[in-house]
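Below is one structure; the comments refer to it alone.
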Amino acid sequence: MIYADVIIDISHEKLDRDFQYRVPEELVQAIKPGVVVTVPFGKGNTLRKGYVTGISGTAKYDASKLKEIRGVSTDSETTESRLIALAAWMKETYGSTMIQALKTVLPVKDKVRAKEKRLILFTGKKEEGQALLGKLEGSRFKARERFLRAILEAGSLDYTYASKELGAGISVLDFFEKKGLITIESQEMYRIPEGLGLVKENMELSLNQEQLLAAEQIFREWQEPDPRPALLFGVTGSGKTQVYMRLIQKVLEEGKQAIVLIPEIALTYQTVRRFYAMFGDKVSVLNSRLSQGERYDQFKRAKRGEIQVMVGPRSALFTPFSDLGLIVIDEEHEPTYKSENTPRYHARETAIERARMEHARVVMGSATPSLEAYSHACDGEYLLVKLNARYEERPLPQVSIVDLREELKKGNRSVLSLELKRDLEQVLERREQAMLFLNRRGYAGFVSCRACGHVMKCPHCDVSLSEHNGNRLICHYCGYETVKPEICPSCGSPHIGGFKAGTQQIEKVIEKEFPKARVLRMDFDTTRTKDSYEKILASFAKHEADILVGTQMIVKGHDFPNVTLVGVIAADLSLNMDDYHCGERTFQLLTQAVGRSGRGNRPGQAVIQTYQPEHYSIQAAAIQDYKKFYKEEMGYRMLLDYPPAAHMMTVFGACQDEELLKNAMYYIEVFIRRVGPKEELHMIGPAAASVGKVKDVYRQVIRLKHRDICFLTAVREKLEKYIEINSGFRKIYIQFDMN
DNA sequence: AGCACGCCGACT
DNA sequence: GTCGGCGTGCTC
């Protein structure tokens, strides 16, 4: 006997697990994971739609109580089934359960949202209602009386309000509905993402010579029977968006739809606005702050054909368009395209797979392509399209690298080098603007001992604590809080203090050094509220401030023509992360930051402060030389077998019990040695993850590297089975990550 | 979500 | 005692 695991629709959180069903003989051939089936469900055996997530030969539930699958949905050409196929691919490629994959790919209805939108209208005769109310008054039907009184007064009621506040459940509503007094309307009130102030401007698309050529080159590729993904490699300001819009125009003319992926709405507001201006209400914008229900609404609109272009972050990739023609990936190199949750898919790879399945095309763009994308472009797997001219032929800013070690020798302990300080003075004198950029990620202003080097860390999470308001130390992972010690807990030295590297500290230093300058600060703290991000940028654009201090978020978005100086406070902050991408990230951030200077008609300059001035990421960024960087970085990846030179798989394990976790990871290691390829497999670990402990849960990783991804996938599949069979892994949370 | 079960208040 | 509304919990 064959049994199938089926999840019933995806509509309710309590139903988001699988139920086992018997597979009738005649359907054995047709049933495989991902197939849409009809099954009897619940007490009344109402027929419902379900998705097969797995097949097995054993019943894990009382076999006599199992029901039988009724039928298989045969229309394999629906949008939904194509997305399910994509989920199956993600499961295979990234390692996850089918349920997890389906849940990322299919729109999940949100119960609360769906209910909120239901409206109860009083549609009967007023007199009839009044008469009934009279009868109900003083009777035992309290709920009915309450409800009727309320609806007679208001004319219509919100469903949630009626059931929650008035206690009028289904039975009450049924009573009135049968009498013909009310109708329940499930209103489809779509929420247009608010706060963006988007307007259609009927703008004409005009491309310059180079942009036209780029578009032509891509169109020519599209003539091919099997068009390759195109990588649009263009420096900042070369007008990649113009090219995207031309491509989308063409796709729309063909009667197809397009998806535009962007790293984050807030950071690419300008781009979003231009799409809206161009395509008007054909466009919908998916905001990462939208609730699942709101996202569901937008997806529904797409499915019904009410919109043709979906602009949004990573998850917009799964927009259920019926005839998808193009997927655009803007700023392709951004790390936000990699999902943090299982399945840990990469939007670029998944977009290419979806496009392959649905005969759509992929175009991605970047000024600093990821090594993965550029290497594919070099070996001809992607079409490489270049845009060289910077907008109106502006020269690149003049960049100087300041060695901070030398500053210390000169006795300068400030966060500002003498050179940067002098340049700032000149900019202020010329009444121009400057941006100071702090490329810190995560660890803000940690406290360390100057004498012994001891760093204050969270006892639960193993990350550096950050200093807030001078005397409190806070853990950014779990919120643990303690008082800043007066002396070093490790060696007793009084020389313990903050590493002056937070945006607040820089702001203070600037205010002290340049009391007349107007300073704006933009970081996580000052952009909490919805449109504070826009407000700060707009204010800076209007020259209401002279200096803008901020984290990576200031290097994207707006053009500030009056900015002629960009200062990078400490390039090392992103260079010393324990992640093989850090050289690449640093190069990208510095290139972007430097590119912010001199966007107007005055020449720009940039100062990069660092303790490692000889590092190739910094050197290459200073002269804006991508190829030089690529060669160096690729050499490094080849040497150490990091992607894209090889493939890497991370086995991540987490458990409250440290001993248990250690044992489990050890068994995994032994198992891999036994079943894995004997040749050319590099295994690192088990080791504590970069954050070894979060909220008292221990975390460990094993990394595997191999030139051929097939071997890694094979190891993963064997490991998945091994873990499922052995009860010793029950209490351990295991996750896989490819690359 | 939708259905049955069962508690509990009101009426015969 | 009995009837039926309305809250609760389960669905392979």
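Proteins come first, then strands; the chains are lettered A, B, ... in the order of their sequence lines, and each starts at number 1. Note that the coordinates shown come from a computational prediction; the quantities given were computed from them, not determined experimentally.
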A:Lys91/A:Glu720 ion pair, N-O < 4.0 Å:
no
Enumerate the salt bridge (Lys or Arg N to Asp or Glu O under 4.0 Å) contacts for residues 19-34 of chain A, please, sequence neighbours excluded, ordered by first and then second residue.
A:Arg22-A:Glu68
Mind telling me whether A:Tyr722 and A:Phe671 have parallel, tilted or perpendicular rings, with 30° and 60° as the class edges?
parallel
For the residue pair A:Phe19 and A:Phe41, categorise the inter-ring angle as parallel (less than 30°), tilted (30 to 60°) or perpendicular (more than 60°).
perpendicular
For A:Arg48 and B:dG2, give me the distance from atom CZ to atom C1', rounded to whole Å.
7 Å
Round to the nearest Å and state the distance from A:Tyr3 atom OH to C:dC12 atom C1'.
12 Å
Side chains of A:Ile31 and A:Ile2, heavy atoms from C-beta outward: is any pair under 4.5 Å?
no
Please enumerate all protein N or O atoms sitting under 3.5 Å from an N or O of nucleotides 8-11 of chain C, with distances to 0.1 Å.
| residue | atom | partner | partner atom | Å |
| --- | --- | --- | --- | --- |
| C:dT11 | O3' | A:Gly42 | N | 3.4 |

